[in-house]
2 protein chains.
Amino acid sequence: MSVRTKPRYQQLKDQIIQRISTGDLRPNDRVPSENELVAAQNVSRMTANRALRELTAEGYVKRIAGRGTFVSDFRSQSHVLEVQNIADEIADRGHVHSCKVLRQSRQRARGEIARALHIAQGVEVFHLLLVHFENDVPIQIEDRHVVADFAPECLEQDFERETPSAYLTSISPLQEAEQVVRAQTPNAGVRERLQMDADEPSLVVIRRTWSNGRPVTFARLHHPGSRYELAGHYAPPGIHKSTSADVVQLEALKR
Amino acid sequence: MSVRTKPRYQQLKDQIIQRISTGDLRPNDRVPSENELVAAQNVSRMTANRALRELTAEGYVKRIAGRGTFVSDFRSQSHVLEVQNIADEIADRGHVHSCKVLRQSRQRARGEIARALHIAQGVEVFHLLLVHFENDVPIQIEDRHVVADFAPECLEQDFERETPSAYLTSISPLQEAEQVVRAQTPNAGVRERLQMDADEPSLVVIRRTWSNGRPVTFARLHHPGSRYELAGHYAPPGIHKSTSADVVQLEALKR
DNA sequence: TCCGCTAGGTTGTATATACAGGTTAGACTA
DNA sequence: TAGTCTAACCTGTATATACAACCTAGCGGA
């Protein structure tokens, strides 16, 4: 069985993604220039150009003519993964985000948590339980489990200052995410923490995020249905005919 | 004010997208080969290659080495827009889709409908109201308005045979979509049609779709919260480490 | 008739080269 | 000192060329 070698430009891409994944290259770090890749990797400039251009389209790096190529920070990564950080989302609306940590502890993974994170029953994970506020109104309960060796210092972080999402992204770029959205009737604890009415439904986002080929965190995000909605905008790259004003208009349809 | 001309490869892309949008090129039609573009458009083959390669990444066309380049059908387009056709979604689960048309009529656009479709109050639009069934269990109410001149034969279609989504896509590829997801308490009509329990929340997807630079359809899709969820999978192109088995496993977490 | 081979068209990749335009540091000048 | 200019580097685009791999129609032989 002969192994078909990957194309050279793909090997370059893989190398750079690898360096980003391992933290060798961190957000805003400078990536080798095309000419440096030509010299170091023995490829033509067009091949190096293709690798870096595709990494740009995929959101890994950003390029500035005349300056160089730089690893994307979380903000630009998000256009690939569409995994929002709720703090940024609230800031975008011009509101104030705050957050209260209810639990930040070690726990043994059981049942669905162990299965979702691809680890054995009873292996230690970190458990985070937070409430996020938008202008002091509770807007999300974040119930998250994190694989321990992915973020060993998870228990020492101050998540009221930096959200778990931002922290986890700073450790290593998140490369893949699966999510499921459900409408649910909240249980009493959720309803009380989110100050919801008795018959108000909640919008639950269940999200599993992958880094470096394995699941690293599993989160259940509960939102009050009357105060929260998920907005999405899908278009092929390069086509953005609808303006943000249009999206605002669509939002305004909410009575 | 000097107009900076677009790069040549972008002009090629625009031309081809234009031909797809206008219906000049239809799904599965053959797109000019690289060599034909070289001859007809006076560009080098590498430039034609770049245009077609990027259109592939964006989901407009698919390429088969040795055969040629072909306009994507709806199925492959969807990987760009992530706008699913519920009939396909149900078929993917190995279940039977059926559908009942409750209303298929002319209507004057008022209020939010007119605003969402960027048309004046009182302009005629088509109104569709359908219930979709999965194995004879109601799973979605589709409440859709369509701009009249986009689909003039809308009232003559048999939507119990071909869904509105499939029909509209066959007219012209949908290039952009905005959607908002909400958890709502359903009104009595929705609850009855979807055979929902009294305190069961509904998951509502509000979706506006664009074609050729203007909004053409506005749909409200109501689902029973206990029987429906929205799944998504985000990854940079070329990276798909999680298998479909993993997604199934995540789905299985639903108790 | 049927099978197999081949010629020609197609995409996929890789290189060498060229020029335009953005950015910056540092040398040079007034 | 303060301002200006330039050299060096960067990305972005475009072309010509080359070779590999894939696909298919059609020809030719058994």
Side-chain angles (χ1 to χ4, degrees), chain A residues 1-17 19-20 25 28-73 76 237-238, chain B residues 1-17 19-20 25 27-73 76 237-239:
Chain A
M1 181 176 71
S2 73
V3 176
R4 180 123 103 278
T5 57
K6 285 188 184 178
R8 205 68 185 84
Y9 77 90
Q10 186 62 51
Q11 295 178 28
L12 289 186
K13 287 175 64 179
D14 290 345
Q15 282 181 33
I16 293 168
I17 290 174
R19 292 186 62 188
I20 294 175
L25 287 173
N28 296 313
D29 277 1
R30 186 171 169 285
V31 174
S33 74
E34 297 181 1
N35 283 323
E36 287 167 353
L37 289 175
V38 167
Q41 308 268 358
N42 195 33
V43 295
S44 75
R45 201 195 132 209
M46 283 307 295
T47 301
N49 175 270
R50 175 167 180 182
L52 291 177
R53 181 152 40 81
E54 292 192 2
L55 288 175
T56 306
E58 292 162 19
Y60 285 104
V61 301
K62 54 171 177 283
R63 316 192 73 190
I64 305 173
R67 297 228 306 133
T69 303
F70 305 88
V71 177
S72 293
D73 51 21
S76 4
Chain B
M1 178 176 74
S2 77
V3 176
R4 189 111 101 294
T5 57
K6 284 186 182 179
R8 205 69 186 84
Y9 76 89
Q10 186 62 51
Q11 295 178 28
L12 290 185
K13 287 175 64 179
D14 290 345
Q15 282 180 34
I16 293 168
I17 290 173
R19 293 186 61 188
I20 294 175
L25 288 173
N28 295 313
D29 277 1
R30 185 170 171 285
V31 175
S33 74
E34 296 181 2
N35 283 324
E36 287 165 352
L37 289 176
V38 167
Q41 308 266 0
N42 195 34
V43 295
S44 75
R45 200 194 134 209
M46 282 307 294
T47 300
N49 175 269
R50 176 167 179 184
L52 292 176
R53 180 151 42 80
E54 292 192 3
L55 288 175
T56 307
E58 293 161 20
Y60 284 103
V61 301
K62 54 171 179 285
R63 315 192 74 192
I64 305 172
R67 297 228 309 134
T69 304
F70 304 89
V71 177
S72 293
D73 52 20
S76 0
I239 299 202

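Naming convention: chains lettered A, B, ... in sequence-line order (proteins, then strands); numbering from 1 in each chain. Because only heavy atoms are used, hydrogens play no part in the values below, and waters and symmetry mates are left out as well, while side chains stay in.
- For the pair Tyr9(A) and dT13(C), the criterion of a side-chain N or O lying under 4.0 Å from OP1 or OP2 is met.
- Spacing between atom CZ of Arg53(A) and atom P of dT13(C) amounts to 12 Å, rounded to whole angstrom units.
- Taking 4.5 Å as the limit, some side-chain heavy atom of Arg63(B) sits within range of a side-chain heavy atom of Asn49(B).
- Here dG12(D) presents its P atom at 13 Å from CZ of Arg67(A), a figure rounded to the nearest Å.
- The nearest whole Å value for the distance from the CD1 atom in Ile64(B) to the C1' atom in dA21(D) is 15 Å.
- A search for side chain to side chain donor-acceptor pair (under 3.5 Å) contacts involving Asp14(A) returns Lys6(A), Gln10(A), not counting sequence neighbours.
- Side-chain contact check for Arg19(A) versus Pro32(A): some heavy-atom pair is nearer than 4.5 Å.
- Atoms CG (Leu52(A)) and C1' (dT11(D)) sit 10 Å apart, rounded to a whole Å.
- Ser33(A) is linked by a side chain to side chain donor-acceptor pair (under 3.5 Å) to nothing, counting only residues two or more places apart in sequence or in another chain.
- Helix bend of the helix from dT1(C)-dA30(D) to dA30(C)-dT1(D): the angle between its two end axes, each built from five pairs, comes to 10° after rounding to 10°.
- Residues forming a side chain to side chain donor-acceptor pair (under 3.5 Å) with Arg45(A) (at least two apart in sequence, or on another chain): Glu34(A).
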Walk me through it: do Thr47(B) and Leu37(B) pass the test side-chain contact (heavy atoms from CB on, under 4.5 Å)?
CA-CA 9 Å; Thr47(B) 300; Leu37(B) 289 176; over 6 Å; no
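- For the OP1/OP2 pair of dT13(D) and a distance below 4.0 Å, the side-chain nitrogens and oxygens of Arg50(B) include at least one atom meeting the criterion.
- Distance CZ (Phe70(B)) to C1' (dT10(C)): 9 Å, rounded to an integer number of Å.
- Not a single side chain to side chain contact (heavy atoms under 4.5 Å, CB included) links Asn42(B) to another residue, sequence neighbours left out.
- Within the 4.0 Å cut-off from OP1 or OP2 of dT10(C), not a single side-chain nitrogen or oxygen of Thr69(B) is found.
- Residues from residues 33-49 of chain A lying near DNA chain C, meaning a heavy-atom separation below 4.0 Å, are Asn42(A), Val43(A), Ser44(A), Arg45(A), Met46(A), Thr47(A) in numerical order.
- Regarding Arg63(B), its CZ atom lies at a distance of 14 Å from the C1' atom of dC23(D), rounded to whole Å.
- Rounded to an integer number of Å, the gap from Leu12(A) CG to dT13(C) C1' is 13 Å.
- Of the candidates dC23(D), dA14(D), dT10(C), the closest approach to any side-chain atom of Arg30(B) belongs to dT10(C).
- Here the P atom of nucleotide dG12(C) and the CD atom of Glu54(A) are 12 Å apart, to the nearest Å.
- The line from OG1 of Thr69(A) to CD1 of Ile16(A) is 8.5 Å long, rounded to the nearest 0.5 Å.
- Atom-to-atom distance recorded for Gln11(B):CD and Gln41(B):CD is 9.0 Å, nearest 0.5 angstrom.
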